[in-house]
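Data first, discussion second: the structure below is written as structure tokens.
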Number of protein chains: 2
Amino acid sequence: MSSSTAQGARARARMEVTAAIKDEARRQLAAEGAAKLSLRAVARELGMVSSALYRYFPSRDDLLTALIIDAYNSIGESAEAAHDKAAGAGPVQRWTAVAEAVRDWALRHPHEYALIYGSPVPGYTAPDTTVPPASRVGLLFIGIVRDAHRDSGLTEPPPLPAELCPEAERMAADLAPDLPPAAVAALVAAWAELFGLVGFELFGQFNRVVEDRERFFRHAVARLAQGVGLA
Amino acid sequence: MSSSTAQGARARARMEVTAAIKDEARRQLAAEGAAKLSLRAVARELGMVSSALYRYFPSRDDLLTALIIDAYNSIGESAEAAHDKAAGAGPVQRWTAVAEAVRDWALRHPHEYALIYGSPVPGYTAPDTTVPPASRVGLLFIGIVRDAHRDSGLTEPPPLPAELCPEAERMAADLAPDLPPAAVAALVAAWAELFGLVGFELFGQFNRVVEDRERFFRHAVARLAQGVGLA
DNA sequence: CCAAAGCAAGAGCAGTGCTCTCGATTGTGT
DNA sequence: ACACAATCGAGAGCACTGCTCTTGCTTTGG
């Protein structure tokens with residue numbers, strides 16, 4: 001009967017209130033962190049009573065899940081935008097562009113970064129709906145390495161110990177069947193290591209150790225790219 | 001008048017109660033995570049009333065700080081023990097031994113690991129007393145690389161971009177004046193990257209991606225060692 | 001047009017961190 | 001040996017939290 005955005009005043013009002021709740025929750029998250037996110041405070045700020053909020057989110061954890069999905073999509077979108085902007089450049093430039101976009105997003109949204117890449121909340125296990133948004137930046141890296149492999153080849157796939165071969169082949173089959181297993185293993189490791197660099201900077205482990213974080217990160221990321229075989 | 005451990009019944013009782021509080025708190029931390037650590041529950045389990053607990057820890061954050069320091073010392077001790085056991089071996093073996101000790105400790109104490117290497121608690125900033133315990137595993141890695149450099153030399157210090165030279169020299173002056181700046185930069189990066197690998201495994205980012213985490217980690221760590229110039 | 005569904009509001013429960021006061025116990029200086 | 005001071009445990013209480021249940025009101029759809 002109508003477009004997907006206006007199939008009834010009731011449904012639209014629900015959408016708007018849901019969005020307003022998420023917006024206010026995101027504000028509190030950015031201001032105070034996930035631990036101090038209070039349903040009652042969100043409701044208070046929105047001029048409603050706390051119990052009314054439960055019509056939209058059955059529990060605080062469900063609100064957090066919504067914010068987690070949004071955060072994954074936000075960082076994924078930033079990374080994809082940076083990647084598109086470097087579309088014409090070489091694989092190392094594209095790799096670096098995505099990595100720096102991840103770091104920039106993390107520095108700009110520290111609490112949201114902590115929500116998705118920091119310690120998970122105690123009893124909480126992420127539902128499967130978070131998997132696709134969480135995969136976006138990873139898929140970007142896979143695409144970059146795959147393109148490089150197709151176009152110009154990868155430099156020396158480093159020798160793989162025999163004991164890791166089955167696992168590497170399994171990962172390659174799942175993630176990028178056209179890439180050599182050794183490259184896929186190196187890629188997955190570099191992916192995790194990249195977020196180690198970002199996390200250490202963001203969570204204060206680099207205090208009194210690394211001063212010029214920008215340049216240090218750029219260099220470390222370039223070495224990671226080199227490690228997975230990008231020219 | 002007496003040994004340092006028994007300079008008065010009152011003081012000793014205080015030590016014992018303090019230790020009992022920390023033990024029970026650590027139990028709850030391991031069982032439920034930092035967010036659900038409740039002063040009242042700790043007091044209840046110890047048969048005292050919650051207000052009495054404030055005679056020993058002025059706030060919940062102070063209790064957490066004590067647990068953080070203990071956790072840093074615990075993982076540092078495990079790493080040092082593993083390092084000592086591999087004292088006679090080559091630098092790569094020692095590097096791998098420490099890395100695996102870190103991972104093993106993390107897998108055995110996930111909530112304590114999250115407490116020290118995960119997202120920091122919201123308003124909390126670590127006091128300077130946490131710095132020495134937090135440095136123990138890092139110092140171990142520095143010692144390994146320094147020994148390797150002294151004994152057998154490091155393989156090709158990778159070329160350092162000019163823009164990073166001042167920062168690398170500053171880090172080297174602070175951390176290991178006898179090492180080439182490029183090696184120190186690579187070492188610091190590898191240090192952060194190692195904890196990226198551990199964190200991704202522990203916090204579920206490797207779910208549906210890496211199955212044989214043990215072997216994958218071993219290989220990734222060996223490549224990190226190679227990246228800092230260890231034979 | 002009327003029943004059914006969706007909604008906001010309020011009261012209430014169990015729990016939290018933290019403060020303050022009040023006795024009781026303990027340690028110490030004279 | 002005694003009195004003074006410091007320390008300690010207990011209880012009440014405040015302001016807050018997540019969450020549930022019930023009560024009415026409004027909107028919606030048959």
Side-chain angles (χ1 to χ4, degrees), chain A residues 1-2 5-22 24-25 27-29 31-68 115 121-125, chain B residues 1-22 24-25 27-29 31-68 115 121-125:
Chain A
M1 284 290 185
S2 54
T5 73
Q7 58 177 23
R10 191 114 220 176
R12 192 167 55 193
R14 185 169 232 286
M15 290 293 189
E16 283 173 12
V17 175
T18 304
I21 293 172
K22 285 206 293 185
E24 177 58 31
R27 274 200 47 237
Q28 293 195 15
L29 179 66
E32 299 273 14
K36 296 203 173 178
L37 199 170
S38 153
L39 277 186
R40 293 183 112 111
V42 170
R44 200 181 307 134
E45 208 71 20
L46 261 51
M48 45 173 139
V49 88
S50 72
S51 59
L53 229 149
Y54 285 80
R55 303 258 167 200
Y56 300 88
F57 295 94
S59 85
R60 183 180 177 275
D61 280 3
D62 290 270
L63 215 195
L64 272 184
T65 299
L67 294 181
I68 287 174
L115 192 64
V121 296
Y124 177 83
T125 50
Chain B
M1 285 291 183
S2 54
S3 83
S4 65
T5 72
Q7 59 177 20
R10 189 111 225 170
R12 193 170 51 193
R14 184 168 232 286
M15 291 293 187
E16 284 173 11
V17 175
T18 305
I21 292 172
K22 285 206 292 185
E24 177 58 31
R27 274 200 46 237
Q28 293 195 16
L29 179 66
E32 299 273 13
K36 296 203 173 177
L37 199 169
S38 153
L39 277 187
R40 294 182 110 111
V42 170
R44 201 180 305 134
E45 208 71 20
L46 261 53
M48 45 174 141
V49 88
S50 72
S51 60
L53 229 151
Y54 286 81
R55 302 262 173 207
Y56 300 88
F57 295 94
S59 83
R60 183 178 175 276
D61 279 4
D62 289 271
L63 215 195
L64 272 184
T65 299
L67 295 182
I68 287 174
L115 192 64
V121 296
Y124 177 84
T125 50

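First the proteins, then the strands, lettered A, B, ... as listed; each starts at 1.
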Base, sugar-phosphate, or nothing: which does [X] touch, judged by heavy atoms less than 4.0 Å apart?
{"X": "R60(B)", "answer": "sugar-phosphate"}
{"X": "F57(B)", "answer": "nothing"}
{"X": "S38(A)", "answer": "sugar-phosphate"}
{"X": "L37(A)", "answer": "sugar-phosphate"}
{"X": "S50(B)", "answer": "base"}

So which of K22(B), Q28(B), R27(B) actually passes side chain to side chain contact (heavy atoms under 4.5 Å, CB included) with V42(B)?
Q28(B)
Within the structure, does a side-chain N or O atom of Y54(B) lie under 4.0 Å from either OP1 or OP2 of dT21(C)?
no
So, OP1 or OP2 of dT16(C): does either fall under 4.0 Å of a side-chain N or O from R44(B)?
yes
Counting distance alone, no hydrogens or angles: does the base of [N] have a donor or acceptor under 3.5 Å from a partner atom on the side chain of [X]?
{"X": "R40(A)", "N": "dG18(D)", "result": "yes"}
{"X": "R55(B)", "N": "dG9(D)", "result": "yes"}
{"X": "R14(A)", "N": "dG6(C)", "result": "no"}

On DNA chain D, compare the nucleotides closest to Y56(B) and S59(A); which residue's is nearer the 5' end?
Y56(B)
To the nearest angstrom, the CZ-C1' distance between R12(B) and dC8(D) comes to 18 Å
Taken to the nearest whole Å, CG/L53(A) to P/dT20(D) is 13 Å
Among dT20(D), dA8(C), dT16(C), the one nearest any side-chain atom of S51(A) is dT20(D)
